[in-house]
There are 4 protein chains.
Amino acid sequence: MPKIVNHEERRDEVVAAARRIILRDGIEAATTRAIAKEAGYSNGVLTHYFADKDDILVSALESSHRRIADRLARKLSGRGGLEALQEVLVDNVPLDAERAMETGLEIGFWGRSLTSPDLLEVQRREAAELRYLVVSLLQSAAEAGQIRTDEDLDDVAERLLALVDGLSVHRLLYPSRITEERLERLILGELDRLRTQIH
Amino acid sequence: MPKIVNHEERRDEVVAAARRIILRDGIEAATTRAIAKEAGYSNGVLTHYFADKDDILVSALESSHRRIADRLARKLSGRGGLEALQEVLVDNVPLDAERAMETGLEIGFWGRSLTSPDLLEVQRREAAELRYLVVSLLQSAAEAGQIRTDEDLDDVAERLLALVDGLSVHRLLYPSRITEERLERLILGELDRLRTQIH
Amino acid sequence: MPKIVNHEERRDEVVAAARRIILRDGIEAATTRAIAKEAGYSNGVLTHYFADKDDILVSALESSHRRIADRLARKLSGRGGLEALQEVLVDNVPLDAERAMETGLEIGFWGRSLTSPDLLEVQRREAAELRYLVVSLLQSAAEAGQIRTDEDLDDVAERLLALVDGLSVHRLLYPSRITEERLERLILGELDRLRTQIH
Amino acid sequence: MPKIVNHEERRDEVVAAARRIILRDGIEAATTRAIAKEAGYSNGVLTHYFADKDDILVSALESSHRRIADRLARKLSGRGGLEALQEVLVDNVPLDAERAMETGLEIGFWGRSLTSPDLLEVQRREAAELRYLVVSLLQSAAEAGQIRTDEDLDDVAERLLALVDGLSVHRLLYPSRITEERLERLILGELDRLRTQIH
DNA sequence: TATGAATGAGTATTCATTCAT
DNA sequence: TATGAATGAATACTCATTCAT
């Protein structure tokens with residue numbers, strides 16, 4: 001009997017290697033050779049587990065999103081409405097080294113997605129999920145009377161998500177301008193503006 | 001007798017060619033040969049005016065920013081305060097094909113900047129100028145009593161700029177979600193929220 | 001207790017798979033993995049039954065010749081002389097899809113044989129058998145008074161065999177020039193010219 | 001002023017190198033690296049003169065045909081009818097080392113042509129020219145009363161051309177069977193059979 | 001005997017860079 | 001200053017072969 005390897009596990013190893021390279025040296029540096037070497041295998045292994053390089057990149061992007069989603073799900077369990085929404089937004093913003101790297105990877109993929117239909121499709125599918133989550137939480141918050149309802153909730157969701165991504169980019173590119181404190185303050189402040197004013 | 005050429009002019013020609021290619025076909029398509037050909041020169045000429053390819057790319061980014069700034073300056077002449085601020089924000093958002101391509105170029109450079117100190121430096125320098133302009137306009141609007149002053153104007157500026165970039169990315173990646181109408185509505189709505197409430 | 005397998009049988013299975021691929025997709029498509037997969041085995045099994053890939057190809061060529069010979073033997077049983085000769089020649093020419101594929105395989109091997117001593121040896125050995133058959137049939141036809149004897153029978157055999165191969169190649173490369181009708185007419189016409197003229 | 005090279009000349013150098021390799025080691029051995037090396041250049045040069053490898057191979061095939069055609073034109077000048085036809089056929093058959101190599105190259109290309117539309121198109125175009133020449137010469141010979149006219153001349157042409165290619169292949173694969181003498185005798189004999197019988 | 005994981009040299013092609021003219 | 005020929009290392013991908021299990 002030959003050594004049987006878990007295909008999914010091997011794929012994960014390679015994808016993790018690709019992620020490490022993209023995070024460390026940028027998406028341009030993620031050549032197949034570099035990925036194989038980083039994973040500790042020879043060139044040829046990639047063939048067994050991936051159709052082609054794009055398959056690796058798409059998997060790396062999906063893996064990144066899955067990690068984020070998993071972490072979020074853990075935090076969100078048992079919460080709802082405005083409280084959960086705050087978790088979602090704060091979690092999607094580079095407030096620590098780990099999330100800063102995730103954001104960097106994401107930005108690299110944005111550029112690629114503009115010229116790669118496969119990557120774009122992944123981005124869209126998974127961005128749609130996040131948007132759906134945010135809209136749902138806004139609706140339950142509205143039903144619970146936690147937030148104002150004088151604005152279209154779809155618009156609110158898009159504004160929140162744009163703010164999250166815009167601030168994330170700026171945090172990475174202009175860290176001295178967007179400190180972690182300001183980043184958090186701006187996110188929380190935006191949520192405050194949604195709250196029903198009581199006076 | 002050597003031919004006398006205007007160095008700066010030649011650089012501009014080449015950089016313009018690079019910009020055209022990046023906008024038209026993406027940053028990946030901007031090979032040195034393609035740039036030289038687009039500029040109407042032989043590939044060897046680049047040597048005389050640029051240290052290397054990166055030098056061209058950095059210059060192309062600067063040039064792109066300069067064009068945006070120039071267009072803005074033209075629109076802004078004679079205006080001030082909130083009115084000018086609205087021009088600045090709306091102008092920085094991909095509301096037509098030309099600006100959509102500029103945004104695409106910008107996003108491509110974001111990814112590169114994260115691993116290229118030279119590009120990052122350019123990004124920072126020029127983003128700082130835009131930020132300075134926004135803060136200045138906010139201040140004059142505040143002094144003119146056009147906007148509320150219960151929030152730190154630096155924070156307001158960062159929020160506006162993040163929103164602009166976040167919405168720009170989303171417009172490119174998720175055009176069916178962020179239509180041009182919604183994009184404009186969200187920008188203008190954000191400005192409305194700054195206005196002094198009159199009741 | 002090791003599994004007992006019939007070596008010759010396994011080889012035949014693999015060779016048949018190789019033949020199927022070459023006929024279907026061309027000799028270029030006959031990679032070791034493709035052959036193993038087509039045979040229903042893992043790629044590693046080839047090691048046990050073949051020295052290397054060339055060993056498989058040589059066997060495939062032999063197998064192809066053997067099949068042709070078998071088909072011929074079946075048709076020939078009970079016949080002799082000119083009648084049998086006609087069967088031999090017509091059978092060796094791509095007058096249907098199956099034989100067209102066999103001819104394609106053969107032509108592919110011709111090119112390889114020119115630089116591979118092993119393949120060349122197989123070609124020679126088996127072409128000699130066919131030539132022997134043709135000469136024998138010519139002799140019996142001559143003895144039976146069916147054909148003219150004013151020409152060296154070896155020469156006649158070579159001319160017939162060359163015509164068969166030449167027309168086969170042309171049928172594959174220039175099908176609109178060499179239609180199936182013309183192909184058959186030319187073969188039969190050549191035999192007619194051998195017949196003793198009766199006047 | 002840079003060194004200006006004659007593009008056509010450089011292409012010819014590379015094509016000649018490709019031909020040498022194909023003749024010496026077979027078409028499989030004609031890798032781009034091997035061709036560049038044989039031509040005395042680096043890998044990268046090929047880019048300047050050829051679109052891709054297929055462009056080189058097609059050019060090599062065309063070049064080979066052109067050489068044959070040129071040699072033929074020289075021999076044919078001033079001749080016509082049966083005499084010229086004999087030249088054509090005898091010239092197309094590997095009666096010396098040079099033509100043996102040309103035949104070898106041709107056989108290698110036959111296999112490729114079966115799976116490469118580009119090569120097939122070249123083969124067809126140029127085979128059509130040869131066929132046209134043979135038919136023309138047959139017609140003028142017929143008009144001059146040199147040959148029998150009881151058979152369709154298109155059929156005669158196809159038989160002659162098939163015989164030429166069939167014998168050529170056999171001469172290369174089975175040289176002991178098809179000696180140069182027999183090769184020539186069979187070609188000339190075939191022409192004799194066309195001659196008007198005088199008795 | 002059979003598996004299939006792994007290797008590493010191979011393929012064509014691309015491209016930034018160098019440099020003699 | 002400008003040309004464009006030439007380089008050679010890089011890219012993604014393929015594949016015959018090896019070998020521990």
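Residue numbers start from 1 in every chain, and the chains themselves are labelled A, B, ... in the order their sequence lines are given, proteins ahead of strands.
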note = CG (C/L105) and CG (C/L23) are apart, to the nearest 0.5 Å, by 5.0 Å
message = Working note: B/T32 + B/N43, criterion side chain to side chain contact (heavy atoms under 4.5 Å, CB included); need CA distance, chi angles, decisive distance, verdict.
response = CA-CA 7 Å; B/T32 52; B/N43 72 72; 5.7 Å; no
message = Is there, by distance only and without an angle test, a donor paired with an acceptor across the side chain of B/H48 and the base of F/dA2 below 3.5 Å?
response = yes
message = Can you pull out the residues from residues 16-27 of chain C that lie within a 4.0 Å heavy-atom distance of DNA chain F?
response = none
ask   = If you measure from the Lys or Arg side-chain nitrogens to the Asp or Glu carboxylate oxygens, is any gap between C/E13 and C/R10 under 4.0 Å?
value = yes
key: Identified stems (criterion: three or more consecutive Watson-Crick or G-U pairs, under 3.5 Å), DNA chain F   = E:2-21 with F:2-21
request  = Drop me the distance from B/R112's CZ to B/L61's CG, to the nearest 0.5 angstrom.
outcome  = 11.5 Å
ask   = For B/K37 and E/dA16, what is the distance between atoms NZ and P respectively, to the nearest whole Å?
value = 15 Å
request  = List the steps, then state whether side chain to side chain contact (heavy atoms under 4.5 Å, CB included) holds for C/F109 with C/V122.
outcome  = CA-CA 10 Å; C/F109 273 115; C/V122 174; over 6 Å; no
Side-chain donor-acceptor contacts of residues 45-59 of chain D below 3.5 Å, not counting sequence neighbours, with atom names and distances?
{"residue": "D/T47", "atom": "OG1", "partner": "D/G44", "partner atom": "O", "Å": "3.4"}
{"residue": "D/D52", "atom": "OD1", "partner": "D/D54", "partner atom": "N", "Å": "3.3"}
{"residue": "D/D52", "atom": "OD1", "partner": "D/D55", "partner atom": "N", "Å": "3.0"}
{"residue": "D/K53", "atom": "NZ", "partner": "D/A30", "partner atom": "O", "Å": "3.2"}
{"residue": "D/D55", "atom": "OD2", "partner": "D/A51", "partner atom": "N", "Å": "2.9"}
{"residue": "D/S59", "atom": "OG", "partner": "D/R11", "partner atom": "NH2", "Å": "2.9"}
{"residue": "D/S59", "atom": "OG", "partner": "D/D55", "partner atom": "O", "Å": "2.7"}

key: Spacing of CD1 belonging to B/I22 relative to CE belonging to B/M101, to within rounding of 0.5 Å   = 11.5 Å
task = Would you tell me if any nitrogen or oxygen in the side chain of C/R10 comes within less than 4.0 Å of OP1 or OP2 on E/dA2?
result = yes
query = If only side-chain N and O atoms of A/H7 are considered, is one of them under 4.0 Å from the OP1 or OP2 phosphate oxygen of E/dA5?
reply = yes
task = Start with the C-alpha distance between B/T115 and A/E28, add both sets of side-chain angles, then the distance that settles side chain to side chain contact (heavy atoms under 4.5 Å, CB included), and finish with yes or no.
result = CA-CA 9 Å; B/T115 52; A/E28 252 89 82; 5.7 Å; no
ask   = So, the side chain of C/R124 versus the backbone of D/L173: is there a donor-acceptor pair under 3.5 Å, distance only?
value = yes
query = Excluding sequence neighbours, so at least two apart, what forms side chain to side chain contact (heavy atoms under 4.5 Å, CB included) with B/A16?
reply = B/R20
inquiry  = Can you confirm whether more than 12 heavy atoms, excluding those of A/R125, are under 6.0 Å from its CZ atom?
reply    = yes
Atom pairs, N/O to N/O, protein against nucleotides 12-14 of chain E, distance under 3.5 Å?
{"residue": "E/dA12", "atom": "OP1", "partner": "D/T32", "partner atom": "N", "Å": "3.2"}
{"residue": "E/dA12", "atom": "OP1", "partner": "D/K53", "partner atom": "NZ", "Å": "2.9"}
{"residue": "E/dA12", "atom": "OP2", "partner": "D/T32", "partner atom": "N", "Å": "3.0"}
{"residue": "E/dA12", "atom": "OP2", "partner": "D/T32", "partner atom": "OG1", "Å": "2.9"}
{"residue": "E/dT13", "atom": "OP2", "partner": "D/K53", "partner atom": "N", "Å": "2.7"}

ask   = Could you state the CD1-P distance from B/I56 to E/dC15, rounded to the nearest angstrom?
value = 14 Å
Proximity to DNA chain F (any heavy atom under 4.0 Å), residues of residues 109-122 of chain B only = none
inquiry  = Assess whether a salt bridge exists between C/E62 and C/R19, defined as any Lys/Arg side-chain N lying under 4.0 Å from an Asp/Glu carboxylate O.
reply    = no
ask   = Taking for each residue the nucleotide of DNA chain F bearing the nearest heavy atom, is the 5' side occupied by C/E28 or by B/Y49?
value = B/Y49
task = Would you mind telling me which residue lines up with the more 5' stretch of DNA chain E, A/G40 or D/A29, judged by nearest nucleotide?
result = A/G40
request  = Look at the side-chain N and O atoms of D/Y41 and state whether any lies under 4.0 Å from the OP1 or OP2 oxygen of F/dA5.
outcome  = no
message = Could you check whether atom CZ of D/R67 has more than 12 heavy atoms from other residues, nucleotides or ligands sitting under 6.0 Å from it?
response = no
message = Applying side chain to side chain contact (heavy atoms under 4.5 Å, CB included) to B/H65 and B/E106, what does each step give before you reach the verdict?
response = CA-CA 9 Å; B/H65 286 169; B/E106 201 71 19; 2.7 Å; yes
query = Using a cut-off of 4.0 Å on non-hydrogen atoms, how would the nucleic acid contact of B/F50 be classed: base, sugar-phosphate, or nothing?
reply = nothing
message = From C-beta outward on A/V45, which listed nucleotide comes closest to its side chain: F/dT7, E/dT7, F/dG4?
response = E/dT7
